[in-house]
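Have a look at the structure below before the remarks.
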Protein chains: 2
Amino acid sequence: MSDTANRIVDIMAELIQTRGYSAVSYQDIADAIGIRKASIHYHFPSKGDLGEAVIRQYNKSLLDELEAVAADPGASASDKLEAFLEPYLSFRGDDQRVCLCGALAGEFFALPKGMQAEVTKFFEAHQGWLTNLFAACKKDGSMKMPGSPEQTARLFFGAMQGALLAKRAANDDTQIDDVATTLRALVA
Amino acid sequence: MSDTANRIVDIMAELIQTRGYSAVSYQDIADAIGIRKASIHYHFPSKGDLGEAVIRQYNKSLLDELEAVAADPGASASDKLEAFLEPYLSFRGDDQRVCLCGALAGEFFALPKGMQAEVTKFFEAHQGWLTNLFAACKKDGSMKMPGSPEQTARLFFGAMQGALLAKRAANDDTQIDDVATTLRALVA
DNA sequence: GTCTATACAAAGATAGAC
DNA sequence: GTCTATCTTTGTATAGAC
């Protein structure tokens with residue numbers, strides 16, 4: 001992908017994470033990176049094409065991390081849990097973004113089908129990763145947990161997604177740490 | 001509020017809950033209830049006015065329920081928790097909606113300031129209600145809990161908001177029950 | 001690859017008749 | 001209160017010069 005295409009994807013991701021997909025226009029992107037609207041269409045013919053590219057890059061970036069930790073024999077169960085939490089914790093501070101796919105999930109049926117499919121992948125992949133982690137922990141007894149591996153995965157995933165929304169809507173930075181701390185204690 | 005105004009608010013709520021605020025137009029509403037765009041402007045001069053009215057009605061409807069249960073001397077702590085969970089559980093089935101304010105939180109900075117303020121109120125009121133519930137339970141020992149009353153409130157609230165998004169994005173109805181079941185077990 | 005120019009549809013909103 | 005008609009701006013997208 002060209003340098004310009006990368007800049008377009010990056011700024012689009014940021015704009016979606018702050019305002020949502022429907023509210024972002026090619027004009028917004030053009031203004032942000034100092035080119036013309038028509039140039040964006042050269043790289044991404046339709047807005048849906050761009051949206052898909054944004055989600056795919058986001059998914060890949062996060063999943064690469066998770067898979068690397070999962071495959072690391074030196075990483076403890078706790079290390080792996082922290083690897084899951086880390087991206088959410090990174091939204092602390094005055095960051096106005098939420099999870100890309102969390103934002104998109106809120107306007108799900110306004111999205112083109114191709115984007116919907118990518119959002120679905122994100123949810124399934126992250127919940128699946130957590131389920132695998134907790135299933136392994138259940139086997140070797142390295143973590144207690146409040147329900148089945150899948151139930152626990154869903155609780156953890158949903159709680160962090162919700163915490164991001166709450167942090168921003170209630171303008172309270174401590175939301176993320178509060179939920180992360182409580183989740184850690186549940187399996188400690 | 002007139003009958004037409006009520007119908008406008010109701011359909012707008014449903015459209016926001018399925019597609020988000022930015023993706024809904026006056027034309028969509030007009031088509032849905034069989035009137036003309038201009039008629040909507042008579043009742044709600046601007047889209048932001050309508051958005052605010054929608055959130056206010058949503059907030060009032062849910063908070064009235066919660067406050068009634070909180071004030072009911074015959075309601076146990078468990079009854080009160082169920083009253084909190086009930087609106088989330090109602091999204092099970094083939095309902096394509098999520099929580100109105102959960103959807104709006106995802107596109108927070110695309111909203112007019114007046115709407116942002118109403119969304120903030122929702123988050124603070126519901127987390128506050130839960131915090132009060134758990135604080136009372138801590139005093140009388142009627143529930144165990146995994147953290148402080150406020151931390152527990154944030155966990156419960158975020159987890160249910162996240163569960164709604166996950167249910168729809170992953171197209172898996174069991175998400176909501178799984179999370180609700182796990183939460184109940186945490187304080188049982 | 002980026003630009004100017006433009007097409008075309010849809011958006012939010014207002015004026016004024018009924 | 002609802003309508004038709006219209007305004008103005010913005011949206012996505014394409015054509016074609018450079």
Side-chain angles (χ1 to χ4, degrees), chain A residues 1-55 57 103-104 106-116 118, chain B residues 1-55 57 103-104 106-116 118:
Chain A
M1 203 159 54
S2 75
D3 187 65
T4 301
N6 271 314
R7 288 205 294 161
I8 293 169
V9 167
D10 286 346
I11 192 69
M12 181 63 165
E14 186 187 322
L15 290 171
I16 293 174
Q17 288 179 277
T18 50
R19 299 188 218 158
Y21 173 77
S22 302
V24 179
S25 72
Y26 271 39
Q27 189 63 61
D28 295 326
I29 304 166
D31 291 344
I33 64 183
I35 57 174
R36 300 291 166 155
K37 284 196 293 179
S39 307
I40 304 173
H41 283 283
Y42 169 80
H43 298 279
F44 302 97
S46 82
K47 192 181 170 185
D49 295 329
L50 173 54
E52 278 186 52
V54 168
I55 311 175
Q57 157 156 322
L104 293 172
E107 49 184 341
F108 195 72
F109 291 108
L111 306 177
K113 295 281 182 219
M115 289 184 65
Q116 289 183 8
E118 292 297 325
Chain B
M1 203 159 51
S2 74
D3 188 64
T4 302
N6 271 314
R7 288 204 295 159
I8 294 169
V9 167
D10 286 346
I11 192 68
M12 181 62 166
E14 186 186 323
L15 290 171
I16 293 175
Q17 287 178 274
T18 48
R19 300 188 216 158
Y21 173 77
S22 302
V24 179
S25 72
Y26 271 40
Q27 190 64 60
D28 295 326
I29 304 166
D31 291 345
I33 64 183
I35 57 173
R36 302 290 166 157
K37 282 197 296 177
S39 307
I40 304 173
H41 283 284
Y42 169 80
H43 298 279
F44 303 97
S46 81
K47 193 181 171 186
D49 295 329
L50 173 53
E52 278 187 52
V54 168
I55 310 175
Q57 159 155 321
L104 293 172
E107 49 184 341
F108 195 72
F109 292 109
L111 306 177
K113 295 281 181 217
M115 288 183 66
Q116 289 181 8
E118 292 298 325

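To find a chain, count down the sequence lines: A is the first, B the second, and so on, and within it residues start at 1.
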Original post:
To the nearest Å, how far apart are Asp28(B) CG and dA11(C) P?
Top reply: 6 Å
Original post:
Could you state the NZ-P distance from Lys47(B) to dA13(C), rounded to the nearest angstrom?
Top reply: 9 Å
Original post:
Are Ser39(B) and dG1(D) close enough that a side-chain N or O sits under 4.0 Å from OP1 or OP2?
Top reply: no
**OP:** Hey, could you give me each pair passing ring-ring contact (aromatic ring centres under 6.0 Å, His included) that has a residue in residues 3-22 of chain B? Not counting sequence neighbours.
**Re:** none
Subject >> For atom OH of Tyr26(B) and atom P of dA9(C), their distance in whole Å >> reply: 24 Å
Original post:
With no hydrogens and no angle check, is any side-chain donor or acceptor of Tyr26(B) less than 3.5 Å from a backbone partner on Ser46(B)?
Top reply: yes
Original post:
Between dC3(D) atom C1' and His43(B) atom NE2, what is the distance in whole Å?
Top reply: 12 Å
**OP:** In whole angstrom, give the distance that lies between atom NZ of Lys37(A) and atom P of dG11(D).
**Re:** 7 Å
**OP:** Heavy atoms only: give me the nearest Val24(B)-Ile16(B) pair and the separation to one decimal.
**Re:** CG2-N, 4.1 Å
Original post:
Considering only side-chain heavy atoms of Ser2(B), which listed nucleotide, dG1(C), dG11(D), dG1(D), is closest?
Top reply: dG1(D)
Subject >> Which nucleotide in dT14(C), dA13(D), dA13(C) has an atom nearest any side-chain atom of Ala38(B) >> reply: dT14(C)
Original post:
Are His41(A) and dA15(D) close enough that a side-chain N or O sits under 4.0 Å from OP1 or OP2?
Top reply: no
**OP:** Side chain of Arg36(B) only, please: which of dT4(D), dA13(D), dG12(C) is the nearest?
**Re:** dT4(D)
Original post:
Side-chain N or O of Tyr42(B) less than 4.0 angstrom from OP1 or OP2 on dG1(D)?
Top reply: yes
Subject >> Separation of dT2(D) C1' from Asp31(B) CG (nearest whole Å) >> reply: 16 Å
Subject >> Among Arg19(B), Lys37(B), Met12(B), the one residue meeting side-chain contact (heavy atoms from CB on, under 4.5 Å) with Asp28(B) >> reply: Arg19(B)
Original post:
When rounded to the nearest 0.5 angstrom, what is the spacing between CG in Leu50(A) and CD1 in Ile29(A)?
Top reply: 5.0 Å
**OP:** Take the protein atom CD of Gln27(A) and the nucleotide atom P of dC3(C), then report the distance between them rounded to whole Å.
**Re:** 12 Å
**OP:** Check Lys47(B) against Ser22(B) and note the closest heavy-atom contact, atom names and distance.
**Re:** NZ-O, 3.7 Å
**OP:** Could you check if a side-chain atom of Asp10(A) sits within less than 4.5 angstrom of a side-chain atom of Gln57(A), using non-hydrogen atoms only?
**Re:** yes
**OP:** Using atom CZ of Phe44(B) as one end and atom P of dG1(D) as the other, report the distance to the nearest whole Å.
**Re:** 12 Å
Original post:
Does anything in residues 4-25 of chain B reach DNA chain C, meaning a heavy atom under 4.0 Å, and if so which residues?
Top reply: Val24(B), Ser25(B)
